Amino acid sequence: MDSALIPQGVNRCPLWKFALGIAIVGAVLMWGVYAMMLVWIKGLNQTNMNDAYGFALWIWADLSVIALGGGAFFTGFLRYVIGINDLKNIINYAVIIGFICYSSAQLILGLDVGQPLRGWFIFWHANVHSMLTEVAFCLTAYFGVLCVEYVPLLLENRQLDRVPFFHNLSHNLHEIMAVFAATGAFLSFFHQGSLGGVSGVLFARPFGFREGVFVWPWTFFLYTWSAAACGPCFTILITKITEKVTKKKLVKDNVIQILAKIAGWMLATYMVAKIIDTIYWATVTAPSKGFDLMTFYSNNPLYGIWILILELVVCGIVPAAILITPKWRGNPRGLTLAMILAVIGVCLNRWVMILQVLAIPVLPFENWALYMPSWQEIATTILPVCYGIILIMISYRYLPVFPQEKELNPIAG
Amino acid sequence: MSASEEQNSPEAEAPDEEEMDVETSEPIEPLKPEEGKNGAGATIFLFFILGFAASLIVGWVVFPKLLYSKKIQPINFNHALHVAEAAEGCESCHYFREDGSFSGVPTISHCIECHENVNGEDPEEKKFVREYVEAGKEVPWLIYAKQPASVFFSHAAHVITAKMECVACHGPIGESTETRIYEENRLTGYSRDIWGKNISGIKQHSWERMKMDDCADCHMQKATSEKESGVQQSLTRQLREMVSVAFPNVMEVKKGSSVQTEKDACFVCHK
Amino acid sequence: MKQTQGNNGNKKFGMVINLDLCTGCGSCMVACMAENNVPFKEDETDKLDSITWMRVYKLKNGKSWPNADICYLPRPCMHCGGHGDHGHSPCVSVCPAVATDYSMATGIVSQIYTRCFGCRYCMAACPYHVRYFNWWDPVWPEGMERFLNPDVSVRMRGVVEKCSFCFHRYQLAMNKAFLEGRRVLEEDEYQSACTQACPAGAITFGDLNNPEHAVHQLVQPDPKHAGRPRNPKAFRLLERLETNPKVYYVSSRKWVRQSGDNYLKKEKQKI
Amino acid sequence: MKIDRRSFLSFIVGGAAGTALTPLPWKITDDLSIWSQNWPWTPVPPNGEVTFVNSVCRLCPGGCGITVRKVDARAVKIEGMDGYPVNDGGICPLGLSGLQLLYGPTRIPYPMKRKGNRGDGKWEKISWEKAVSEVVTKLGEIRKNNRPHGLACISESDRGTVAGLMARFMSAFGSQNFIRQPSMEDSYELALYLMHGIRAEAGFDIENAAFVLSFGSGVIEGWGSPVRMFRANSKLIKTGGKVVQIEARLSKSAAKSDKWIPINPGTETALALAMAHVIIKEGLYNKDFIENHAFGFEDWTDGQGNKQQGFKSLVTATYAPENVAEATGVEKAVIVSLARHFARASKPLAICGRGQGRTSSAIGEFLAVQALNALVGNINQEGGFHAISDNDYIDWPEIETDQIASNGLQNGRLDEAGSENYASVRYLPHRFFENIIAETGYPIQVLFAAGANPLYSLPDTKAVKAALDKVPFIVSFSSFMDETAQYSDIILPDHTYLERYEDVPTPIGLQKPIIGLTRPVVSPQLDTKHLGDVILGIAKGLGGSMAQAFPWKSYEACLEKTLGRKLDTLLDKGYWSPAVFSVPEWIKAFETASGKFEFVVSDQDGNGDRKTKPIADWYTGVESQGDPVTYPLLLIPYDSMRLVNGFVGDPPFVIKTVEDTVLKGKDVFIEINPKTAKQLGLSEGKYARLTTPKGNAKVRVHLFEGIKEGIIALPRGLGHTAYDSYIADKGVNYNELIGAVYDPVSGLDAAWGIRAKLGKA
């Protein structure tokens, strides 16, 4: 029925199956939408956040999706600015994933503020000292860039492409994509960094605060770096999952290997920086405020030293080692494992840098504050996941996302 | 987005292998150039203009009419007459209390001092005495210059210390012989005087708009000079700043107290 | 005026709480709630969702019976001056919309509820947990809204609020001063509600820049160290973080003074 | 021209472009944010003219001066009155919350008559005329049946004109059954009557003391007049005065004192006597006072010629420190040192009355503590104990009772106070209710509850309820829907203290007499009526001698007449105090048979004959109820300024200040030593079942190092079943778990705790 919209020369599942898929994911999405409406109408009392946890699951989700969406800016940077041409075979998908991540982030932010109708104050009454201001401006600007990057792909839809205006527009946009990629990388550098600054500048929160080493606040660069390292991992991971689901090979191995190798080296260097940071913080910064390292990891039922080991070793050093070793990287299982670990690692880092910061009592006579999200928070966090799946399903079905698909999957006859 | 959720998507459930079920695109023709292309273009342009014009009318004419409700004051009050009759002019009714607060609109107990009985022929006065004085009810005046709940405004600071004229903010209301229509923003509940009569928010007199920015403008001017304005003001301000840096003892530039904005701090006018 | 010349005429309002005198009765908390229109819910036992601008903490010395000891510690907003007392308190700098600000003229950290859009970054920044979010619409039982104080605006759902050092009382006192042609207040003209109510007289409030004020004399702030107390019995909470609070505590008990900050194990052993 | 899809799209695009150039989107965005700043459901308090009204708080016996800030007709804030002799500007959490009671949902809006069963909460609104006439009819009936003594009244206080009118009403009516809510006043009054020979109030010159020895008194937890005590405590700290707290639990007072001496609860009498032992043995007592102004220190001979033991030989024989060390849990050396410090201090003062002093105690404990004061000779001295004779400004004409009333008055009090067994005691509320249940004496047909809430605040609430079930007609005059009002048959609601005039006699514990004036801060907000006027109305309705006994037109007229010229001072200054006041010298201070301070306790029958029980019987405490095998733990109550324990419950502001280690959700925490908890297999926050001989309750566990092993503590002031949803059904009422324990010599309820057990729930 919708065959007129499907790109030429590729196979897609029957419409009913597609519709069923959309319907099932859509049902979960509607659950999220219901929770979202509850939150907007009744207020943030629908969450389990409290005065100790002003930032919680949502902000974690926000920071995580932005880190994971970092694949878009970094792949774009590599493809258009550095000029690694092979990456053109995955860039479309990286852009779509980035677009989903960033639009999700904005949606979550819209939910998270207590007064969404006044959200625009962040632009109109901006405070230049605040990390969030920088985040808001760069994030919005970069989302604009992502839209511009997504548009040409949309216009390549068979029906839209027939309109000469759209056809030309798409072509021209492709021509100048390098400019946008560079802008995107620039903006991303800042907002990824500012997100790192969010906890890094909290000088009265010794667990989050970072100073010294090279530049203040050090978390600024760590965040940019980790996003550049783990974003592409996420892009690869989603590509692999898509291949699994569609039972097709969509991107050639050499493309994946190039990206994985770069991500690996980014991750490895990031880990060096992160370990230096951790050592400096644990031995200089925190003790100067009266905190032994172990006070951050004891006297509570959740946050033990295991979390530091998990983040740095299991989800940091291990995937970095796999990715920079050609033999291990070449092994599909090794590659997948590394991708999963890297993604978990960056999400865990964001969790720790937001939620653990708030969990740790700073006043000596206060206790650890623990928190369990409400179903409304969970539903609204799953909502963007569903939205992402649906957008990927639609994009994959109707747009020529993978340039190598036709070549890798010739239609018999 | 995590791997597990992606795999839950129905596409994971064994894509059909049968050729028949697989939707494959059909080759299609590129769009043919339409006939009468110029004519169509003109039509499209016409509709663009139509839409454009319609929205301008809606936005500039219809919208303001819809946005504000019009209310008539409960009593048609003659300021000019009262100012002439009252012994101390404006201060007879609008005065400072001992604690420095400003009385604002007088309460019925104040009005009774003169209007315990009907004094004259004016039907409005009769109505006032009958409906409010005799019933012991306060008049539900609609306040043109009503402050939002978040604002603290010190009349004493402005009128006594800074010696400002009432007219600067309230306009020549003391000369009015009848009350004008009170327009209330249906969304915000604010008096129209706050945003300004002009829907675009442009003002000709200082009293025509009383938004926070209008307060801030004046407070910024106070920080530099009271009379200069515009370019002249900013130039002298620059000059003063340079002098003050070089010779801090000679000249002191008054910066606002706010660390964030270097204007006056928020708690000067907010509560 | 002589004493204030060194500070450009700026005031630095601060509080000294004598923990030896404090009985932990909770009057300061209630006085604050009553003065500042703090809302309440049926269940306020979840202290992480219970707005108490002033909160009294119970400190324990950690010893077992019969050597156990307790002490109560009232905690208002610290009105931090930040590093070097430049006004960059932990919370002020992080607010993306200038809804909270530091005034160099008074040293008070303001919170403008109508500007705040509820991102709660300031709450994450504050180690003292003085900032509270209005998770709920403020609701008073029918009729009880009659005791609400018009000098303090009621906060709507979805914004952050905190202790203002009863700044509205400063505004009102200034109002009176303006009427009387003054621009400077006497020490007793501006006192916070908790100070006024404290039945044990444990709270002292005044201008830390003014050597004639009791707060200055009680703690002898050291201007070289952004106001660190020179009185050995006095301390500030989390002095090591260099937040430079303007709330000082006095206690004759060593363990109480040490409860005000974090110490490494080896430092503790030395003590 | 063809209007196709593209034309339509073009129209939309043109419209969008045009709209962007109009104020519409920008103004709407702006206005929506302004709307969110002025949500119509968020109240905006109206501004107006600010005025201040001075009055006196009536929410506890503390009698603090208050200044109420008003904006136009609204009262917006209660503050302490500067310069008021009791509190000088300070104010407690409850006093600050008064407006929540005034404007709150717990108020009774109009006279109401019960519909359905008692306690169902179904009420019918009736007019004041009907309400008064109902009561008049009921009272008329019992008078007609010659049973006026079947009327009883329970009241918070027996001082001041309103309580005076009520008491007068009872007398004129022909009933002796005017009962006051129990408090430490009962014990102090009795101790003063026995030792000083006068009916007087205890006054403590704490401000000027140098060494305060507190036997469990919550010096900074609401004992006496709370704010005054806070100020006195602060003054002591500033002047270097010492406070020693003798208490089983590390209370706030204990923590703030200079020294906390943990003691086994209930052994305070023994400790005081052991201290007396040391003081006497070491000759540290005030020789002048003991030799010249005291009787019964040495052994003596009574009217029958029998040798009687004196105080000295009692304590030297029995109360050597080493003898009491084990029982009290206080080491001998500590007792000796404490006794020496106390006796050698320049201005020592011993006080007692547990916690806030809202219960009576064994008379022996008060006698022993007062004996300490006598030994150091601080009675009526600066910084010492002052006996303040009733500052009797109420001088009303004698009542001329009619025959019915005279007959009624022939019947003694149902509670047996003043009877042969309990000769000097004035009120025994618990015995009153027990006698109703046991149907001893005569039946009570009508009960007035005025400013008292016995169904909540008397021990063993189940028994009180059973007693109330036997009273056919209960009249409540409460302003608030408290437990007793909820269980009454008709409610004639009083104004709150912010809506009425009333004189306030000397606050409890003050060392000089003053009168305060409560006055209307706002006009009555509801259809309520001043209790004084209601009493006058009922008396008038009854007519005859009743009407004659109340010659005043209204309560205000009565108050004016009673206070005379003092009223001008009261209206002007807010309080009246005698221009010159001093407590009498020792030589004039005592009106006992000997004219001296008496260590021995004897009935004085006026002809010099002394009849007494042996001294050892008097100087003794009581055991707690329950057997130690079944109930291995001891449950004691504790008081807090954040938990109101009088005739009102916690207003919302005050309950908000309660810590989450005291109350969480609807669960109350029981304080327990971690070691005891471990033995019982309980840990922090766990639910437990608390059982006493009187009842049981579900509680949660809070580990507290400030309490001795084997002892558990529960706060007073929770577990209300009435009032509003801010306080009702939160926690457990301690009084449900405890019963009265009789002091055999005085008849007073002397319970200080009860045996208990705690198991997993």
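Please read all numbers here as calculations on a predicted model, not as lab measurements. Below, chains carry the letters A, B, ... as their sequence lines are ordered, and counting in each starts from 1.
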*Asks:* Could you check, using the six-membered ring where one of them is a Trp, whether A:Phe365 and C:Tyr57 have ring centers closer than 6.0 angstrom?
*Replies:* yes

*Asks:* Which atoms of A:Val128 are under 4.5 Å from chain C, going by heavy atoms: the side chain, the backbone, both sets, or neither?
*Replies:* neither

*Asks:* For atom CH2 of A:Trp375, decide whether the heavy atoms of other residues, nucleotides or ligands shown that lie under 6.0 angstrom number more than 12.
*Replies:* yes

*Asks:* Looking only at heavy atoms and a cut-off of under 4.5 Å, which of A:Thr295, A:Ile360, A:Val362, A:Thr133 has the most pairs with chain C?
*Replies:*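 That would be A:Val362.
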
*Asks:* Side chain, backbone, both or neither: which part of A:Thr47 has a non-hydrogen atom closer than 4.5 Å to chain C?
*Replies:* side chain

*Asks:* Of the backbone (N, CA, C, O) and the side chain (C-beta and beyond), which part of A:Pro206 lies under 4.5 Å from a heavy atom of chain C, both, or neither?
*Replies:* side chain

*Asks:* Under a 4.5 Å cutoff for heavy-atom pairs, which residue among A:Ser130, A:Gly197, A:Gly208 has the most contacts with chain C?
*Replies:*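 Highest number of heavy-atom pairs under 4.5 Å: A:Ser130.
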
*Asks:* Can you say whether the rings of A:Trp124 and A:Trp120 are parallel (under 30°), tilted (30 to 60°) or perpendicular (over 60°)?
*Replies:* perpendicular

*Asks:* Does the ring centre of A:Trp60 sit less than 6.0 Å away from the ring centre of A:Phe55?
*Replies:*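 No, the ring centres sit 6.0 Å or more apart.
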
*Asks:* With a 4.5 angstrom heavy-atom cut-off, could you sort out which part of A:Glu134 is near chain C: side chain, backbone, both or neither?
*Replies:* neither

*Asks:* By a 4.5 Å heavy-atom criterion (distance strictly below it), what part of C:Tyr121 contacts chain A: side chain, backbone, both, or neither?
*Replies:*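 It is both, since atoms from each part get that close.
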
*Asks:* When you measure from the side chain of A:Glu377 to the backbone N and O of A:Ser374, does any donor-acceptor pair fall under 3.5 Å?
*Replies:* yes

*Asks:* Would you mind telling me which of C:Cys119, C:Ala124, C:Cys91 has the largest number of heavy-atom pairs within less than 4.5 Å of chain A?
*Replies:* C:Ala124

*Asks:* Measure A:Met49 against the heavy atoms of chain C and call it side chain, backbone, both or neither at under 4.5 Å.
*Replies:*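 Both backbone and side chain of A:Met49 come within 4.5 Å of chain C.
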
*Asks:* Who wins among A:Ser199, A:Pro287, A:Gly114 for the most heavy-atom pairs under 4.5 Å with chain C?
*Replies:* A:Gly114

*Asks:* Looking only at heavy atoms, which two atoms of C:Thr52 and C:Arg75 are closest? And how far apart?
*Replies:*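 Minimum heavy-atom separation between C:Thr52 and C:Arg75: O-NH2, 3.2 Å.
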
*Asks:* So which of C:Val159, C:Thr114, C:Val160 has the biggest tally of heavy-atom pairs under 4.5 Å with chain A?
*Replies:* C:Thr114

*Asks:* Quick one: what part of C:Leu238 sits under 4.5 Å from any heavy atom of chain A, side chain, backbone, both or neither?
*Replies:*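 Side chain only.
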
*Asks:* I'd like to know if the side chain of A:Asn45 reaches the main chain of C:Trp135, judged simply by a donor and an acceptor atom lying under 3.5 Å from each other, with no hydrogens or angles considered.
*Replies:* yes

*Asks:* By a 4.5 Å heavy-atom criterion (distance strictly below it), what part of C:Val92 contacts chain A: side chain, backbone, both, or neither?
*Replies:*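 Contact with chain A: backbone only.
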
*Asks:* Side chain, backbone, both or neither: which part of A:Leu202 has a heavy atom under 4.5 Å from chain C?
*Replies:* side chain

*Asks:* Tell me, out of A:Leu117, A:Val135, A:Leu358, A:Asp112, who's got the most heavy-atom pairs with chain C below 4.5 Å.
*Replies:* A:Asp112

*Asks:* Is it true that the side chains of A:Arg350 and A:Ser226 contain a donor and an acceptor less than 3.5 Å apart?
*Replies:* yes

*Asks:* Let's test your reading of the structure: which of C:Gly158, C:Ser89, C:Cys80, C:Ala125 forms the most heavy-atom pairs below 4.5 Å with chain A?
*Replies:* C:Gly158

*Asks:* Classify the ring geometry between A:Tyr102 and A:Tyr142 as parallel (under 30°), tilted (30 to 60°) or perpendicular (over 60°).
*Replies:* perpendicular

*Asks:* Just give me the residue among C:Cys122, C:Gly82, C:Ala99, C:Ala97 that pairs up with chain A most often, heavy atom to heavy atom, under 4.5 Å.
*Replies:*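 Looking at each of C:Cys122, C:Gly82, C:Ala99, C:Ala97 in turn, C:Ala97 comes out on top.
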
*Asks:* Heavy-atom distances under 4.5 Å only: say whether C:Arg131 touches chain A with side chain, backbone, both or neither.
*Replies:*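 For C:Arg131, the backbone is the part near chain A, not the side chain.
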
*Asks:* Which bit of C:Cys126 is near chain A, if near means a heavy-atom gap under 4.5 Å: side chain, backbone, both or neither?
*Replies:*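 Backbone only.
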
*Asks:* Do you know which of A:Leu109, A:Ile122, A:Val357 has the most heavy-atom pairs under 4.5 Å to chain C?
*Replies:*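 Heavy-atom pairs under 4.5 Å are most numerous for A:Ile122.
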
*Asks:* Below 4.5 Å, heavy-atom pairs only: which of A:Pro116, A:Gly54, A:Ala286, A:Ser288 has the largest tally toward chain C?
*Replies:* A:Gly54

*Asks:* Tell me if a side-chain donor or acceptor on C:Thr100 pairs with a main-chain N or O of C:Ser110 at a distance below 3.5 Å.
*Replies:* yes

*Asks:* Near C:Lys233 NZ, under 6.0 Å, is it more than 12 heavy atoms from other residues, nucleotides or ligands?
*Replies:*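 Check fails, neighbour count at 12 or below.
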
*Asks:* Is there a donor-acceptor pair under 3.5 Å between the side chain of A:Trp351 and the backbone N or O of A:Ser64?
*Replies:* no

*Asks:* If you count heavy-atom pairs within less than 4.5 Å of chain A, which of C:Lys58, C:His88, C:Glu242 leads?
*Replies:*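 Top count of heavy-atom pairs under 4.5 Å with chain A: C:His88.
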
*Asks:* With a 4.5 Å cut-off on heavy-atom pairs, point out which of C:Glu239, C:Lys60, C:Met156, C:Lys47 contacts chain A the most.
*Replies:* C:Met156

*Asks:* Mind checking whether A:Tyr53 and A:Tyr371 have ring centres under 6.0 Å apart?
*Replies:*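 Between A:Tyr53 and A:Tyr371, the centre distance is under 6.0 Å.
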
*Asks:* Will you find, in the side chains of C:Trp255 and C:Asp69, an N or O donor that is under 3.5 Å from an N or O acceptor?
*Replies:*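 On atom types as modelled, these side chains qualify, holding a pair under 3.5 Å.
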
*Asks:* So what's closer than 4.5 Å to chain A heavy atoms on C:Cys116: side chain, backbone, both or neither?
*Replies:* backbone

